[in-house]
Number of protein chains: 2
Amino acid sequence: MADVARRAGVSTATVSRALTRPDQVNAKTRDMVRKIAQELGFRPNLIGRQLRTQAAHSLLILVQDLENPFYSELIKGAESVCRERQFSVMVGGTDGYEDVETLYAEQFLGGRVDGLILLTGHLPAGLSASLATQSPVVLVSEDNPELDLCAVLIDNPGWATRATAHLIAQGHRRIAHLCGPMTRIISPERREGYRRALATAGIAHDPQLEVPGDFSFESGREAVRQLLSLPEPPTAIFCANDESALGAIRAVQQAGLSVPGDISIIGFDDTKLAQFSDPPLTTVRQPRQQMGAAAADLVIGLIENGPAQRTRLLLDCQLIERGTVGPCPVPR
Amino acid sequence: MADVARRAGVSTATVSRALTRPDQVNAKTRDMVRKIAQELGFRPNLIGRQLRTQAAHSLLILVQDLENPFYSELIKGAESVCRERQFSVMVGGTDGYEDVETLYAEQFLGGRVDGLILLTGHLPAGLSASLATQSPVVLVSEDNPELDLCAVLIDNPGWATRATAHLIAQGHRRIAHLCGPMTRIISPERREGYRRALATAGIAHDPQLEVPGDFSFESGREAVRQLLSLPEPPTAIFCANDESALGAIRAVQQAGLSVPGDISIIGFDDTKLAQFSDPPLTTVRQPRQQMGAAAADLVIGLIENGPAQRTRLLLDCQLIERGTVGPCPVPR
DNA sequence: GATTCGAATGCAATCGATTGCAAGTTTCAA
DNA sequence: TTGAAACTTGCAATCGATTGCATTCGAATC
C-alpha cells in the first residue's frame, strides 16, 4: 500500500479511501490511485484490515461428517447466501472428536471468523454456553433445547408422524421403525413421531418393531434381517434416514420379497441417494438449501446488528412419493 | 493480553512468551502468567498474531462441487493431516463460477490462508500462473499440464486400461465406454485408456460404442438406452465414474436384462455409492484419503520450506471386484 | 474582499500480538 | 571478590490496513 501511495504521490490514507470509500476522494485522484494499484497488482492485506476493523467477514460451519450428502447441500445453501453478502466460509469436519472441536472453537474465539453455524447439535468443546448465547451462533437441523441459541429446524416429530401416517393410510398396521443413533437428538424425535402416529391410529405399540440403527446402509440391512425373522414380520418400515432405507430395500429384495409388493418402505431426508434405489425411494424431503441459507442469513444478521432475541425457524418439509410405498398386501 | 500482563505484574512481552515460548521464561513466572490467563479466559487474538508472524497456519481447498462424495473424502484426508500439523482448513465450493473463484483467490492473495489445494484442475480466476508457481499451490486429482505446479494424481489412462482389460479378460469384445464430461481433463484420459486396451487386444474401435456423458446417474441411463438400440449392442460397459455406472445398471435392468448376466458393467472411483447398487459395483478404487493427505503434506511442505521443485505424486489404485462383471454371454 | 463552508487530503493513533535488542539479575568458576 | 556467561524481563518497533481529527484549499455567499 505504501508503494502505491508513493507512486501516486499521495498518503496511504488516500489510497485506502480511494479503494474502499470511493465517494470520499476526488474523482481524479481516485482514478489515478486505482490505476496505479491495478498496475502494481496491489491486493489489500486482509489481515491488516481485519485487525483494524475487527471484522473477518467470514463464517465457520461445523459439521460432524463432511461426507454425508445431507450436510453438503446444507452447506451449499449457506455458501450461496454468504457469497451474496460478501462473506467467506470456512467448513470444518469434526468427525466427533473433541480436540478437533476445540481447534475450531479457537478459530472463533481468536477472531478468525465472526460467526458460527453448527450442524452438530452441540457447542464445540472450548466454547462456553454463556459466551455462545451472546455470540453470532446458530444451530441447524439438530436442536439443543438446553442451549439458548437461534436455530433453523424442521418439525421432526411432526414429519415422522406424517411419514408413518402415510403408511397407515395405505392400510398398513404392522409398521416397524428403524431408529437413528440415539446420540443425535433427531433420532428420538423421529421415533416419537412414529409412536404418535401409531397411537393416533389406535395401533398398539410393539417394542419388537422398533429397531436400533445408526443411519448406515448396513444397519438397514441388519434391521430387516432381524424383522423378517419375527414370527409376524411388519408389512411396512419407516426408516430414520435415506441411506438406511436403501439398506432395508436391499435386504428385503435379497430375501426374495418385493418392495413395495410385500413390504413398503419410507425414508427421511430425500438426499440424492433416494433416486438411486430401485424402485426409487419414497421419503420426506427436507429443504436443505433453504435451511443453510436461512442459517447464514441469521448469523450474518446477528453479526451486523448484534445479539438479538432467540429466533427459531421451523421450515416446511414435503412428502415425496416415489415407488417404495404400496397398499398393505392381503394376508395369504 | 494487556489485562493479563497487568494482573500478573509483568509486560505483555512476558505474557506472550509465557504462553508460546515456555522455555524462555522463568518457571515461576510462567506458571503464574498461565494461571492468570486461564482465570481470565484469555484467548490470543489470532489476527494480531498472524499480522505479526505473517503466517495464517491455514489452507484453502477449492472444489467444484461439495456435494460430490468423491471430493468429500479427499477433503477428509487433507483435514486429518492439517489437524496433525496444526493447520486449519477452509473449504470452498465454486460450482464453477468465475466470480466465486475470484473471491477465494482474494482470500489467498489477501493472506488469509497460506496455501491452496485445487481439486478443480485450474487456477481460480484472479490468480496468475506466474504467481501460483512460486506459491504453495498443489493440484489434486485433476492435472493441468500447462501449469508448472505440484500435483497429486493417479494414472488415469493406465487404470482405465486396466478396467477395460478386466472386461476383455472375461471374454468381452464388444465393449462400450461411457465418457465423462470433456471439460474435465480426466475424461479424455480415461477414454484414452479404454482405447489403448482395445488396441492392445486387437479389437477394432467402434465410435458408436463411445457414448458422451457427464458423470450423472441420468447420463448413465440415457447412454444405455442408446446402446441397447444399436443393431449389435455391447456386452460390457466401462463407465467413467460410479454414479453413471449406477444409472447404467438401472437402465439395463429396466430393459429386462441382467447385470452381469447379459451386460457387464465396471465403474471408476469406488465412492460410497458403489456399494449401494444391486449387485454391488465392480470398480477402480482411488486412494482418496491418501490423495488428500499427500496434497496437504505437500502444500504444508511448500509453506514451511519455501518453493521447491515441481513434485508430481502418482498414487496407486486398485481394482475392486464386486458383482457387476461376469463372463461374456455366449451368443444365442 | 472577507467570511464561511465543504471537500480533499494527510497525520498519526490504533487494532493485538511477536520479537530483536538492551538492560538487569543470577549463577558460577576462577 | 570479580567477571563472564546464562537467564529473565521489558522497551519499543513492527506487521498492514483504517479512520478521527486537523489542515489546507478553493468556491460560494454576502
Side-chain angles (χ1 to χ4, degrees), chain A residues 1-38 40-58 86 88 106-114 303-304, chain B residues 1-38 40-58 86 88 106-114 303-304:
Chain A
M1 191 160 200
D3 271 2
V4 179
R6 201 172 313 121
R7 195 91 76 144
V10 298
S11 72
T12 61
T14 302
V15 175
S16 172
R17 282 190 279 249
L19 297 173
T20 61
R21 297 250 186 308
D23 48 316
Q24 278 185 28
V25 349
N26 181 293
K28 227 187 299 181
T29 329
R30 186 203 327 125
D31 293 344
M32 182 206 24
V33 170
R34 295 196 143 185
K35 190 159 137 280
I36 293 180
Q38 177 84 49
L40 263 52
F42 167 75
R43 297 279 134 199
N45 180 308
L46 299 179
I47 301 305
R49 171 180 296 174
Q50 182 175 340
L51 182 59
R52 174 65 219 233
T53 62
Q54 300 292 325
H57 267 267
S58 99
Q86 308 262 51
S88 65
E106 216 88 323
Q107 300 288 315
F108 176 65
L109 295 169
R112 192 103 90 187
V113 295
D114 23 40
I303 293 169
E304 292 179 344
Chain B
M1 191 162 201
D3 271 2
V4 179
R6 203 172 313 122
R7 195 90 75 143
V10 297
S11 73
T12 61
T14 301
V15 175
S16 173
R17 282 190 279 249
L19 297 173
T20 61
R21 297 253 185 309
D23 47 315
Q24 277 186 28
V25 353
N26 180 293
K28 225 186 304 180
T29 330
R30 182 198 337 119
D31 294 345
M32 182 205 24
V33 169
R34 293 195 143 185
K35 189 161 138 277
I36 292 180
Q38 177 83 50
L40 262 53
F42 168 75
R43 299 278 134 199
N45 180 309
L46 299 180
I47 300 306
R49 171 180 297 173
Q50 182 176 342
L51 182 59
R52 173 65 219 239
T53 61
Q54 300 293 324
H57 268 264
S58 97
Q86 307 264 49
S88 64
E106 215 87 326
Q107 300 288 316
F108 176 65
L109 295 169
R112 191 104 88 185
V113 296
D114 23 40
I303 293 169
E304 291 179 346

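Each chain gets a letter, A, B and so on, in the order the sequences are listed, and its residues count up from 1. Basis for what follows: all heavy atoms, side chains included, without hydrogens, waters or symmetry-related copies.
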- [ ] For the side chain of A:A13, starting at C-beta, report the closest nucleotide among C:dT9, C:dC11, D:dG16.
- [x] C:dC11

Open item on the list: What is the distance, to the nearest angstrom, from the CG atom on A:L19 to the P atom on D:dT18?
Closed with: 8 Å

Open item on the list: What's A:R30 touching, base or sugar-phosphate or nothing? Going by heavy atoms closer than 4.0 Å.
Closed with: nothing

Open item on the list: Looking at A:R17 and C:dG10, is any side-chain donor or acceptor paired with a base atom of the opposite kind under 3.5 Å?
Closed with: yes

TODO: Would you mind classifying the nucleic acid contact of B:Q24 as base, sugar-phosphate or nothing, using non-hydrogen atoms under 4.0 angstrom?
DONE: base

- [ ] Report, as yes or no, whether the 6.0 Å neighbourhood of atom CZ on A:R30 holds more than 12 heavy atoms from other residues, nucleotides or ligands.
- [x] yes

Task: Between D:dG10 (C1') and B:M1 (CE): distance, integer Å - done: 13 Å

TODO: Send over the distance from B:Q50 CD to D:dT14 C1', rounded to a whole Å.
DONE: 15 Å

TODO: Measure the spacing between CG of A:L19 and OG1 of A:T14 and express it to the nearest 0.5 Å.
DONE: 10.5 Å

Open item on the list: What contact category does B:G110 fall into here, base, sugar-phosphate, or nothing, at under 4.0 angstrom with non-hydrogen atoms?
Closed with: nothing

Open item on the list: Looking at B:G111, is its backbone amide N or carbonyl O close enough to the side chain of B:Q50 to form a donor-acceptor pair, meaning the two atoms are under 3.5 Å apart?
Closed with: yes

- [ ] Please tell me which of A:T53 and B:V10 maps to the more 5' nucleotide of DNA chain D, matching each residue to the nucleotide holding its nearest heavy atom.
- [x] B:V10

Open item on the list: By nearest atom, which of the nucleotides C:dA17, C:dT18, D:dA17 is closest to the A:P44 side chain?
Closed with: D:dA17

Task: Exercise: identify the closest heavy-atom pair between B:S58 and B:V113 - done: OG-CG1, 3.3 Å

- [ ] Return the nearest nucleotide to the side chain of A:T14; candidates are D:dT9, C:dG10, D:dC11.
- [x] C:dG10

TODO: Just compare D:dT8, C:dA8, D:dT18 and give me whichever is closest to any side-chain atom of B:N26.
DONE: D:dT8

Task: Comparing B:L51 and B:R21 on DNA chain C - which has the more 5′ nearest nucleotide - done: B:L51

Task: Rounded distance (Å) that lies between atom C1' of D:dC15 and atom CG of A:N45 - done: 8 Å

TODO: Could you pick out which residue, A:V15 or B:T12, lies toward the 5' side of DNA chain D when each is mapped onto its nearest nucleotide?
DONE: B:T12

TODO: Would you tell me if any nitrogen or oxygen in the side chain of A:S16 comes within less than 4.0 Å of OP1 or OP2 on D:dA17?
DONE: no

Open item on the list: If we ignore hydrogens and angles and just use 3.5 Å, is the side chain of A:R112 paired with the main-chain N or O of B:A56 as donor and acceptor?
Closed with: yes

Open item on the list: Rounded to whole Å, please give me the gap between CG in A:L46 and C1' in D:dT18.
Closed with: 14 Å

TODO: Ignoring the backbone of B:Q54, work out which of C:dG16, C:dA8, D:dC15 is nearest its side chain.
DONE: D:dC15

Open item on the list: Less than 4.0 angstrom from a charged side-chain N to a carboxylate O is my criterion; do B:R6 and B:D3 meet it?
Closed with: yes

- [ ] Report the distance from atom CD1 of B:I47 to atom C1' of D:dT18, rounded to the nearest whole Å.
- [x] 15 Å

TODO: Give the minimum heavy-atom separation between A:D114 and A:H57, together with the two atoms involved.
DONE: OD2-N, 3.1 Å

Task: Base of D:dT18 paired with side chain of A:R49 (donor-acceptor, under 3.5 Å) - done: no

TODO: State the dot-bracket string of DNA chain C. Criteria: Watson-Crick or G-U wobble, both atom distances under 3.5 angstrom; notation: ( ) intrastrand, [ ] crossing earlier pairs, | interstrand, . unpaired.
DONE: ||||||||||||||||||||||||||||||

TODO: Mind calculating the distance between CG (B:D31) and C1' (D:dT8) to the nearest angstrom?
DONE: 15 Å

- [ ] Side chain of A:S11 only, please: which of D:dA17, C:dG10, C:dT19 is the nearest?
- [x] C:dG10

- [ ] State, to 0.1 Å, how close A:A18 and A:V33 come at their nearest heavy-atom pair, and which atoms those are.
- [x] CB-CG1, 3.7 Å

Open item on the list: Output the rounded distance in Å from CG (A:D3) to C1' (D:dA17).
Closed with: 14 Å

